[in-house]
Colleague: 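What follows is a single structure, and I will ask about it in a moment.
Since this is a predicted model, take the numbers as computed values, not measurements. Values below: every heavy atom of this structure, side chains too, minus hydrogens, waters and symmetry copies. Along the sequence shown, the residues carry numbers beginning at 1.
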Amino acid sequence: MSASAAPPWPVRRLQPTAAAPWRPTLWASLLCGVALLLAAPDVRAQTPVDLALVLAVDSSASVDESEFALQRGGMAQAFRDPEVIKAIESGPFKRIAVTVVEWAGHADQAIDIPWTVVDGAAGALDLADRIDGLERQILTGATSIAGALSFANSLLLSHPFEADRLVIDLSGDGRNNQGPPVETIRKGVVAQGVTINGLAIVNEHPTLNYYFEDRVIGGTAAFVEVANDYGDYPRAIRRKLIREIRTMNISAPSVPTPQGTARAWRPDATELATLPAASERW
């Protein structure tokens with residue numbers, strides 16, 4: 001897709017100071033409400049899934065084209081993996097719902113793939129092909145994890161399925177540098193029953209995983225997966241998807257604890273973070 005071509009799904013761009021908000025007419029509001037009351041319960045009742053999952057992919061200025069391609073290829077490869085497919089097929093309903101989004105600045109998010117049911121091998125392979133065919137929509141921007149979480153949460157709250165587990169899977173290579181504090185957004189998201197997991201790509205920030213553990217992830221069984229660089233992303237996203245879909249702990253790689261360090265526990269996380277004692281955490 002050229003830079004001038006219109007994306008298949010609109011990029012969300014909010015102005016910091018907007019004009020007076022648009023308000024629908026009374027009839028439009030009534031019709032919309034009636035449609036939701038009539039349609040939504042039927043759709044949810046007909047489509048139970050084991051998991052509703054938002055895959056949020058970093059598309060900020062720190063991610064070049066080759067790095068974005070590695071994220072895209074890693075996701076596609078993961079959904080072709082037999083263990084990922086087996087995890088999907090092992091759930092009570094044997095299907096999950098997935099949407100893929102890009103994120104950058106506080107007002108820059110785009111839906112690459114709308115909500116899609118992945119029901120076993122056929123559905124997983126079809127999704128992998130769609131991911132392979134994606135073209136990047138957001139070409140640059142700041143790093144607003146807060147904006148990404150808010151956008152992903154809005155998708156989860158409006159998903160057209162019946163799902164007991166709601167998960168945001170956020171990949172990134174930097175810290176929040178635009179928008180509200182991440183902790184504030186996290187608190188609101190987790191309060192609505194959503195789990196936030198992180199995939200920290202530590203090529204530029206070696207301690208980014210500690211930042212994710214302390215400020216980004218939250219909710220039931222939340223965890224952080226680490227990719228040493230973008231070339232390691234395919235391994236990391238495969239491992240992360242298996243763990244998210246199965247909802248069972250996979251032993252973390254053994255990491256030596258440096259002398260003079262302290263172990264810190266976050267109540268809404270399932271893993272321990274090794275943090276330097278009496279020093280900055282990131």
Colleague: Which heavy-atom pair separates N209 from V226 by the least distance, and what is that distance?
Modeller: CB-CG2, 3.6 Å
Colleague: Between E102 and I138, is there a donor-acceptor pair closer than 3.5 Å when you use the side chain of the first and the backbone of the second?
Modeller: yes
Colleague: Take N203 and E67 through the side chain to side chain contact (heavy atoms under 4.5 Å, CB included) test and state the conclusion after the steps.
Modeller: CA-CA 11 Å; N203 59 324; E67 292 169 339; 3.9 Å; yes
Colleague: Has the side chain of T195 got a donor or acceptor atom that lies under 3.5 Å from a matching backbone atom of V167?
Modeller: no
Colleague: Is it the case that the side chain of Q137 and the backbone of I111 share a donor-acceptor pair, with hydrogens and angles ignored and the cut-off at 3.5 Å?
Modeller: yes
Colleague: Supply the atom-to-atom distance L70 CG to D64 CG, rounded to the nearest 0.5 angstrom.
Modeller: 8.5 Å
Colleague: Please confirm whether the backbone N or O of L156 pairs with a side-chain atom of S158, one donor and one acceptor, at under 3.5 Å?
Modeller: no
Colleague: Passes side chain to side chain donor-acceptor pair (under 3.5 Å), R165 versus T220? Steps please.
Modeller: CA-CA 9 Å; R165 291 196 295 126; T220 304; over 6 Å; no
Colleague: Give, for atom CG of D232 and atom CD of E225, the distance between the pair rounded to the nearest 0.5 Å.
Modeller: 8.5 Å
Colleague: Less than 3.5 Å apart, any donor N or O on the side chain of Y230 or D173 sitting next to an acceptor on the other?
Modeller: yes
Colleague: Is there a side chain to side chain donor-acceptor pair (under 3.5 Å) between T143 and R175? Walk through the geometry before answering.
Modeller: CA-CA 7 Å; T143 301; R175 303 166 187 141; over 6 Å; no
Colleague: Do R239 and E83 have side chains that get closer than 4.5 Å, going by heavy atoms?
Modeller: no
Colleague: Determine, step by step, whether R80 and D132 satisfy the salt bridge (Lys or Arg N to Asp or Glu O under 4.0 Å) criterion, reporting the C-alpha distance in whole Å, the side-chain angles of both residues, the deciding distance to 0.1 Å, and the verdict.
Modeller: CA-CA 11 Å; R80 294 188 178 104; D132 263 337; 2.7 Å; yes
Colleague: Quick one: does F223's side chain get under 4.5 Å of E244's, heavy atoms only?
Modeller: yes
Colleague: Using a 3.5 Å distance criterion without hydrogens, assess whether the side chain of S154 forms a donor-acceptor pair with backbone atoms of F151.
Modeller: yes
Colleague: Distance from N153 atom CG to I168 atom CD1, nearest 0.5 Å?
Modeller: 5.5 Å
Colleague: Do the non-hydrogen side-chain atoms of I245 and V84 ever get within less than 4.5 Å of each other?
Modeller: yes
Colleague: Can you find a heavy atom in the side chain of Y210 that is under 4.5 Å from one in the side chain of V224?
Modeller: no
Colleague: What closest approach, in Å, do W115 and A97 show between heavy atoms, and which atom pair accounts for it?
Modeller: CZ3-O, 3.6 Å
Colleague: Which heavy atom in E89 sits nearest to a heavy atom in A121, and how many Å separate them?
Modeller: OE2-N, 3.4 Å
Colleague: Which distance, rounded to the nearest 0.5 Å, do you find between the CG of L55 and the CD1 of I131?
Modeller: 7.0 Å
Colleague: Flag the pair L170 / F212 as yes when at least one side-chain heavy-atom distance between them is below 4.5 Å, and no otherwise.
Modeller: yes
Colleague: Is there a side-chain contact between L155 and V101 (heavy atoms, below 4.5 Å)?
Modeller: yes
Colleague: Under the 3.5 angstrom rule, does the side chain of R238 hit a backbone N or O of D81 as a donor-acceptor pair?
Modeller: no
Colleague: Might you confirm whether atom CG of N177 has over 12 heavy atoms from other residues, nucleotides or ligands at distances under 6.0 Å?
Modeller: yes
Colleague: Checking side chain to side chain contact (heavy atoms under 4.5 Å, CB included) against V117, which of T47, V98, L127 comes through?
Modeller: T47
Colleague: Does the side chain of K94 reach to within under 4.5 Å of the side chain of I88, using non-hydrogen atoms?
Modeller: no
Colleague: Among side-chain atoms of Q71 and D58, is any donor-acceptor pair under 3.5 angstrom?
Modeller: no
Colleague: Output, in order, the C-alpha distance, side-chain angles, deciding distance and verdict of side chain to side chain contact (heavy atoms under 4.5 Å, CB included) for D126 and F79.
Modeller: CA-CA 9 Å; D126 179 69; F79 280 104; over 6 Å; no
Colleague: Is a salt bridge present between D169 and K240, judged by a nitrogen-to-oxygen distance below 4.0 Å?
Modeller: yes
Colleague: Mind checking whether I242 and I85 sit in one hydrophobic cluster, side chains of I, L, V, M, F, W, Y counted as touching below 4.5 Å?
Modeller: no
Colleague: Can any side-chain N or O of S59 pair as donor or acceptor with the backbone N or O of W103 at less than 3.5 Å?
Modeller: no
Colleague: Donor-acceptor pair, R95 side chain versus D50 backbone, under 3.5 Å?
Modeller: no
Colleague: Testing the basics here: between G105 and Q109, what is the closest heavy-atom pair and its distance to 0.1 Å?
Modeller: O-NE2, 3.2 Å
Colleague: Mind checking the OH-CE spacing from Y233 to M75? Nearest 0.5 Å is all I need.
Modeller: 5.0 Å
Colleague: On a heavy-atom basis, which atom in V216 and which in I196 lie closest, and how many Å separate them?
Modeller: O-CG2, 3.6 Å
Colleague: Any heavy-atom pair between the side chains of P180 and I185 that's under 4.5 Å?
Modeller: yes
Colleague: Establish whether V118 and I113 are linked, either directly or via other cluster members, by ILVMFWY side-chain heavy-atom contacts under 4.5 Å.
Modeller: yes
Colleague: Backbone N or O of I145 within a donor-acceptor pair of the N176 side chain at under 3.5 Å?
Modeller: yes
Colleague: Applying the 4.5 Å side-chain criterion to the ILVMFWY set and letting contacts propagate, would F161 and F93 be lumped into a single cluster?
Modeller: no
Colleague: Roughly how far, to the nearest 0.5 Å, is CD of E183 from CZ of R215?
Modeller: 5.0 Å
Colleague: Work out which heavy atom in A163 is nearest to a heavy atom in L51; give both atom names and the distance.
Modeller: CB-C, 4.5 Å
